[in-house]
Amino acid sequence: MTRTADRMQFIQPFHVMALLARARELEAAGRSIIHMEIGEPDFITPQPVIDAGIRALEQGQTHYTPATGLPALRERIAAFYRQRYAVELDPQRVIVTPGASAALQLVMAALVNPGDRVLMADPGYPCNRNFVYLVNGEPVGIPVDAACGYQPTPQQVEELWTGDVAALLVASPSNPTGTVLPEEDLRALHAIAARHGGSLVVDEIYHGLTYGDPIATALAVSDDIFVINSFSKYFGMTGWRLGWLIAPSAVVPDIDKLAQNLFLAAPTLAQHAALQAFEADNLAILEERCAAFRERRDYLLPALRELGFEIPVTPEGAFYLYADCSRFTADSHAFSTRLLEEAGVAITPGVDFGNHQPERHVRFAYTTSMENLREGVRRLAAYLCE
Ligand SMILES: Cc1ncc(COP(=O)(O)O)c(C=O)c1O
């Protein structure tokens, strides 16, 4: 038998994948399923970016780029921070990556020694703990709930920050809760990390998809925060596999070295296409889509509350609602399976997001049309009120 590494025992698959596979099976057998489990926009990439991708392919843009990305794209990303956030950024600090996923791996590889701990919210994005395992670190979940807006508080972080903590990783807006870290908390968290000689890593992948006042980037707080973003969500480019990392200047040579070795470069075609992503015509399409997500949230949130799901904090961003389903079940995983089989509605059980009360939570993604959301709510109502 093949001997695999010890870390493999810690790395969990997404439970929702089994659910998705079952949903596809049911659909193949003729059942209609409303998908509210999928963590990517239902819209395809806007046409201006697709056209730019086709042009790049026709022009033979099929070779590697520098490991840190096309210089023009790094400059364009830096200019975007000036335009959108009024933050001045040296393009040399922008590293273009194969998705936020690769950016997270680069940061962990650059910061974490074997045995070091990395603090992160629980519930949180499931891959984060696995990126830490990959570099033989120890992920430490910070239990977060409604009282703290599902984001780690400075007090929690201060209490957990011992000598072997290398970094705190937060996401704002968060997956699965859609909640945003207030700027003053970002400042306080950064101050704690700095005082302990560690790093703050802020995943801003859901920036752009926010439905209240504009939110600040962590780069406005300090130049020594690692900021991660991606073309996947707001820009609607999941399958192009493109993201970026803004690193403190002193660490850029290390990140460059790692990127050369781990990935060589992000996909060339995607980088050329992404140059178009910041143009006014494309941004106008993205803003329309953002408004569509907001409309969906504004419909689904009260509808789920009405049905008896508890969603105590109104999420300000992303496209998720993290709901307490304890009124219906003590086992959210079994509940999700039953909803799929008996009501034809697919959602994600809490277990995919961590260990803090997963059995009483499920995540609804509003990455489907208003019509589908209405039908989903009808099915839920019929099933739960039977
Ligand atoms: C919080 C968060 N970070 C990172 C990622 C990875 O995204 P990508 O690699 O497509 O940029 C996701 C994807 O769902 C996410 O939700």
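Whatever order the structure lists them in is the order used to number ligands and atoms, beginning at 1. What you see below is based on every heavy atom in this structure, not just the backbone, and it leaves out hydrogens, waters and symmetry mates. Nothing fancy with the numbering, it's 1 onward along the sequence.
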Open item on the list: Looking at Arg22 and Glu341, is there a salt bridge between them, counting it only when a charged N and a carboxylate O are closer than 4.0 Å?
Closed with: yes
Open item on the list: So for Phe231, does at least one of its heavy atoms come nearer than 4.0 angstrom to any atom of ligand 1?
Closed with: no
TODO: Find all atoms of ligand 1 within a distance of less than 4.0 Å from any non-hydrogen atom belonging to Asp203, and give their numbers and elements.
DONE: 1 (C), 2 (C), 3 (N), 4 (C)
Task: For Gly99, the ligand 1 atoms whose distance to one of its heavy atoms is below 4.0 Å - done: 9 (O), 11 (O)
Open item on the list: Using a 6.0 Å distance limit plus a 45 degree cone around the ring axis, check whether Arg297 lies over the aromatic ring of Phe319.
Closed with: no
- [ ] Can you sort out which atoms of ligand 1 are near Arg241, meaning under 4.0 Å from one of its heavy atoms?
- [x] 8 (P), 9 (O), 10 (O)
TODO: Mind checking whether Ser230 contacts ligand 1 via backbone (N, CA, C, O), side chain (CB onward), both or neither, at a 4.0 Å heavy-atom cut-off?
DONE: side chain
Task: Atom indices of ligand 1, in the order listed, that fall short of 4.0 Å to a heavy atom of Asn175 - done: 1 (C), 16 (O)
Task: Arg296 bridged to Asp42 by N-O distance under 4.0 Å - done: yes
Task: Nearest neighbour in protein (non-hydrogen) for atom 9 (O) of ligand 1 - done: Ser101 OG, 2.5 Å
- [ ] Output yes when Lys257 and Asp254 qualify as a salt bridge under the 4.0 Å nitrogen-oxygen rule, no when they do not.
- [x] yes
Open item on the list: Tell me whether Ile205 reaches ligand 1 (any heavy atom closer than 4.0 angstrom to a ligand atom).
Closed with: yes
TODO: Among all protein heavy atoms, pick the one closest to atom 16 (O) of ligand 1 and tell me residue, atom and distance.
DONE: Tyr206 OH, 2.7 Å
- [ ] Answer with yes or no whether Glu40 contacts ligand 1, where contact means a heavy atom under 4.0 Å from a ligand atom.
- [x] no
Task: All side-chain hydrogen bond (donor to acceptor under 3.5 Å, both in side chains) counterparts of Glu288, not counting sequence neighbours - done: none
- [ ] Flag the pair Arg195 and Glu158 as a salt bridge only when some basic side-chain nitrogen lies within less than 4.0 angstrom of an acidic carboxylate oxygen.
- [x] yes
TODO: Kindly say whether the aromatic ring centers of Phe293 and Phe43 come within a distance under 6.0 Å.
DONE: yes
Open item on the list: So, applying side chain to side chain contact (heavy atoms under 4.5 Å, CB included) with Leu168, which one of Val201, Val118, Ile142 is it?
Closed with: Ile142
Open item on the list: Strictly below 4.0 Å, N to O, side chains only: are Glu27 and Arg31 in salt-bridge contact?
Closed with: no
Open item on the list: Which of the numbered atoms in ligand 1 are under 4.0 angstrom from any heavy atom belonging to Lys233?
Closed with: 13 (C), 14 (O)
TODO: Consider every N or O of Ala100 and every N or O of ligand 1, then say whether any pair is closer than 3.5 Å.
DONE: yes
- [ ] Considering heavy atoms of the protein only, find what lies nearest to atom 10 (O) of ligand 1 and give residue, atom and distance to 0.1 Å.
- [x] Ser232 OG, 2.7 Å
